[in-house]
Chemist: 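This is the structure I want to talk about, given as structure tokens.
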Amino acid sequence: MISTFIKKTMLAGMVALSVSSCTKDLDREPFYDITSASVYKDFSNYKPILAKLYAGYAVSGQQGPAGKPDISGLDEGFSNYLRLYYSVQELPTDEAVIGWNDGSLPDFHEMDWSSSNEFLAAMYSRIYYQIALTNEFIRETTDEKLSERGISGQDLEQARNFRAEARFLRALSYWHAMDLFGNVPFVTENDPVGSFFPPQIARADLFKYIESELLAIEPDLVDARQNEYGRADKAADWTLLTKLYLNAEVYTGQERYTDVITYAQKVIDAGYTLEPDYDNLFLTDNNTSNEIIFPITFDGLHTQSYGGMTFLVHAPVGGSMDVASFGINGGWAGLRATEAVVDLFPTPQGVVDDRSNFYTDGQSLVINDIFTFTDGYPITKYKNVSSTGQPGSDPTGNFPDTDFPMFRLADVYLTYAEAVLRGGAGGDAGLALEYVNRVRERAYKGAGGDITASQLTLDFMMDERARELNWEMQRRTDLIRFGKFTGGEYLWPWKGGVKGGQAVEDYRTLYPIPAADMAANPNLTQNTGY
């Protein structure tokens with residue numbers, strides 16, 4: 001459940017912000033006539049403002065569940081950061097289809113999106129709205145400004161922690177921008193407030209910037225596992241560095257697997273442990289798990305949104321599924337997995353993989369029609385019930401208490417193992433195998449899951465990541481890193497909009513910069529192919 005500090009009022013909506021890259025159809029909508037100077041004069045406002053920075057990943061505006069959106073131009077439920085991120089990371093892959101025909105949503109299955117796709121424009125605008133929020137907070141919390149306001153002692157130290165967390169969140173959103181769009185507009189706290197044309201930064205240079213930020217803020221972040229739940233600490237910083245380095249060859253053309261090993265081991269040594277029951281990672285009391293490194297937090301009463309976990313819990317429920325067992329009042333009959341992912345779950349020695357959480361009753365394995373919900377198996381991973389079966393706090397059954405585990409230990413274990421397989425120096429092949437088997441021993445309840453050293457290959461790792469992390473918004477990035485997202489080497493049902501799958505152009509590894517921003521900013525050059 002959401003931490004106390006995020007439950008407080010979201011005052012950052014009152015702050016005068018600079019928007020880094022504006023699109024005419026998806027502009028930020030301010031609702032308060034108040035200046036940064038008046039807000040930041042009082043240190044008691046700082047923590048609620050920080051709460052808004054975190055809440056920007058969970059909620060879509062100043063009034064839940066809808067009514068005063070942060071960005072306009074798209075239904076507010078669709079425009080939620082986490083929901084959009086799911087769409088761009090999962091819907092073009094083997095892990096998910098969605099049985100809705102809203103606007104350009106089918107483009108993701110067909111992999112024929114263009115620069116006018118409204119969901120891509122919303123993702124882009126949501127990222128830059130977050131960057132604008134964080135830039136303003138960072139701009140207003142320099143040592144010089146804190147000194148001018150007489151902030152000292154413990155308040156000063158806390159302000160420095162807050163500022164480091166804001167820089168972490170900015171790095172997180174810039175990572176999303178770099179991963180999704182490549183060469184993007186670049187603006188920091190040092191740029192002028194107000195309307196201007198941000199320069200475009202090369203993907204490799206943005207990589208260096210994100211890396212430098214994450215390294216620079218480490219001393220000012222709270223030690224691993226010592227911050228309030230829901231807030232970033234050193235371990236969150238290290239985990240984002242592992243993800244950055246794991247994909248460095250894609251982003252820059254140069255591998256950094258040795259650095260992956262270094263930072264993954266720092267996370268592993270920080271004291272996290274695997275949740276004994278895999279299913280409990282995705283329930284309302286997952287805030288008690290010692291596996292989760294960095295969550296996006298939700299609360300059925302205080303962070304109401306039609307995106308985020310509301311979407312992830314409701315959208316896969318339909319057909320003959322019992323809505324009460326999910327702690328909700330009804331399903332949206334949308335999301336299912338493709339046959340290719342279902343086939344990744346063999347049962348050696350008759351032992352069932354606990355992660356094979358597919359609903360099959362009344363469902364067809366083969367998807368003949370994407371828009372027929374009973375075609376394909378829904379994944380029953382996310383629920384609005386606790387580990388003891390109690391429903392969430394919202395009495396209407398609309399809005400879940402379940403947090404989204406953006407970073408967790410099992411992912412770091414698998415990341416370490418992949419970096420060793422890819423030749424990172426300083427890694428231990430025996431330890432890599434041990435980490436993978438720890439993940440699999442949980443999945444198979446301690447029996448039948450262990451693999452041997454000869455079985456630990458890169459192909460195995462690609463499949464194992466799908467088994468462990470399905471629907472956790474990593475698949476597109478993973479498939480690109482393994483060279484399987486585009487082209488015809490790996491075909492899955494409905495890849496490229498064809499039932500049997502078809503080859504897709506290589507330029508699709510990047511999304512286009514939205515057409516509205518291309519028209520608004522003469523400094524931008526469109527990605528190849530669009």
Side-chain angles (χ1 to χ4, degrees), residues 3 5-6 8-22 27-57 59 61-62 68 70-71 81 125-174 177 185-196 198 209-210 212-214 216-222 227-228 230-233 236-237:
S3 64
F5 96 100
I6 295 183
K8 297 180 180 179
T9 55
M10 311 301 185
L11 294 185
M14 300 165 59
V15 181
L17 297 169
S18 68
V19 178
S20 60
S21 184
C22 299
D27 288 340
R28 177 182 58 85
E29 295 189 352
F31 298 104
Y32 302 95
D33 184 18
I34 193 166
T35 67
S36 295
S38 61
V39 171
Y40 284 98
K41 185 177 180 179
D42 184 353
F43 181 71
S44 67
N45 287 334
Y46 285 39
K47 197 172 185 181
I49 297 171
L50 181 68
K52 170 62 179 178
L53 305 187
Y54 282 96
Y57 298 98
V59 298
Q62 303 297 320
K68 292 183 176 180
D70 292 327
I71 63 174
Y81 196 116
S125 293
R126 180 59 71 181
I127 287 170
Y128 278 98
Y129 177 72
Q130 282 296 109
I131 291 170
L133 289 176
T134 51
N135 276 342
E136 181 67 10
F137 189 86
I138 294 163
R139 181 182 294 115
E140 292 294 334
T141 51
T142 62
D143 282 351
E144 181 181 7
K145 289 195 173 184
L146 294 172
S147 177
E148 290 173 357
R149 299 176 187 132
I151 295 172
S152 60
Q154 187 175 356
D155 287 349
L156 178 61
E157 291 306 310
Q158 196 167 43
R160 286 171 175 161
N161 292 150
F162 292 168
R163 191 171 195 265
E165 290 176 50
R167 290 171 72 181
F168 169 83
L169 295 176
R170 181 175 62 183
L172 177 65
S173 285
Y174 263 132
F186 182 65
V187 63
T188 72
E189 76 278 11
N190 298 316
D191 290 299
V193 176
S195 178
F196 76 105
Y209 171 78
I210 297 169
S212 67
E213 280 288 283
L214 294 173
I217 64 177
E218 181 182 350
D220 287 328
L221 288 168
V222 175
N227 210 346
E228 285 182 279
R231 290 171 59 186
D233 59 16
D237 186 74

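Positions are given from 1, in the same order as the sequence printed here. Quick note: numbers below take in every heavy atom, side chains included, and nothing from hydrogens, waters or symmetry partners.
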Chemist: Rounded to the nearest 0.5 Å, how far apart are CG of Leu50 and CG of Asn45?
Modeler: 12.5 Å

Chemist: Is there a donor-acceptor pair closer than 3.5 Å between any side-chain N or O of Gln130 and the backbone N or O of Arg170?
Modeler: no

Chemist: Is any side-chain heavy atom of Ile49 closer than 4.5 Å to a side-chain heavy atom of Phe162?
Modeler: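 No - every pair of side-chain heavy atoms lies 4.5 Å or more apart.
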
Chemist: Relative to the ring of Phe137, is the ring of Tyr46 parallel (under 30°), tilted (30 to 60°) or perpendicular (over 60°)?
Modeler: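 The arrangement is perpendicular - the two ring planes meet at more than 60°.
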
Chemist: Check the pair Glu165 / Tyr54 against side chain to side chain donor-acceptor pair (under 3.5 Å), numbers first and verdict last.
Modeler: CA-CA 9 Å; Glu165 290 176 50; Tyr54 282 96; 2.5 Å; yes

Chemist: Check whether any side-chain heavy atom of Arg167 sits under 4.5 Å from a side-chain heavy atom of Leu214, and report yes or no.
Modeler: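 They are not in side-chain contact.
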
Chemist: Could you list the residues that satisfy side-chain contact (heavy atoms from CB on, under 4.5 Å) with Gln154, not counting sequence neighbours?
Modeler: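 Gln154 satisfies side-chain contact (heavy atoms from CB on, under 4.5 Å) with no other residue.
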
Chemist: Can you confirm if the aromatic rings of Tyr81 and Tyr57 lie within a centre distance of less than 6.0 Å?
Modeler: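 They qualify: ring centres under 6.0 Å apart.
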
Chemist: Any idea which heavy atoms bring Arg149 and Tyr40 closest together, and the distance?
Modeler: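 Where Arg149 meets Tyr40 most closely, the heavy atoms are CD-O, 3.2 Å.
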
Chemist: Any salt bridge linking Glu148 with Lys145? Criterion: basic side-chain nitrogen under 4.0 Å from a carboxylate oxygen.
Modeler: no

Chemist: Examine distances only and state if a side-chain atom of Asp220 and a backbone atom of Ile217 form a donor-acceptor pair shorter than 3.5 Å.
Modeler: no

Chemist: Any chance you could measure Ile138, atom CD1, to Leu169, atom CG, to the nearest 0.5 Å?
Modeler: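 If I round to the nearest 0.5 Å, the distance is 8.5 Å.
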
Chemist: Supply the atom-to-atom distance Leu53 CG to Asn135 CG, rounded to the nearest 0.5 angstrom.
Modeler: 10.5 Å

Chemist: Just jot down the salt bridge (charged side-chain N to carboxylate O under 4.0 Å, His left out) partners of Lys41, sequence neighbours excluded, or say none.
Modeler: none

Chemist: Could you tell me whether Lys52 and Asp70 make a salt bridge, using a distance below 4.0 angstrom between a side-chain N and a carboxylate O?
Modeler: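 Result for this pair is yes, salt bridge flagged.
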
Chemist: Among Leu146, Thr134, Thr141, Asp143, find the residue that satisfies the side chain to side chain contact (heavy atoms under 4.5 Å, CB included) test when tested with Arg163.
Modeler: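 By the side chain to side chain contact (heavy atoms under 4.5 Å, CB included) criterion, Arg163 pairs with just one of Leu146, Thr134, Thr141, Asp143: Thr141.
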
Chemist: Looking at Ser147 and Glu144, would you say the former's side chain and the latter's main chain have a donor-acceptor pair under 3.5 Å?
Modeler: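 Not at all, since once roles are kept as given, no pair shorter than 3.5 Å links the two residues.
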
Chemist: Out of curiosity, Ile131 CD1 to Ser125 OG, how far, rounded to the nearest 0.5 Å?
Modeler: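 Separation between the atoms: 11.0 Å.
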
Chemist: Over all heavy atoms of both residues, which pair between Asp191 and Phe186 is shortest? Give the atoms and the distance, please.
Modeler: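 Asp191 and Phe186 have their closest heavy atoms at OD2-O, 4.3 Å.
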
Chemist: Supply the atom-to-atom distance Lys68 NZ to Gln62 CD, rounded to the nearest 0.5 angstrom.
Modeler: 8.0 Å

Chemist: Are the side chain of Asn227 and the backbone of Asp233 linked by a donor-acceptor contact shorter than 3.5 Å?
Modeler: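 Between the backbone of Asp233 and the side chain of Asn227 there is no qualifying donor-acceptor contact (under 3.5 Å).
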
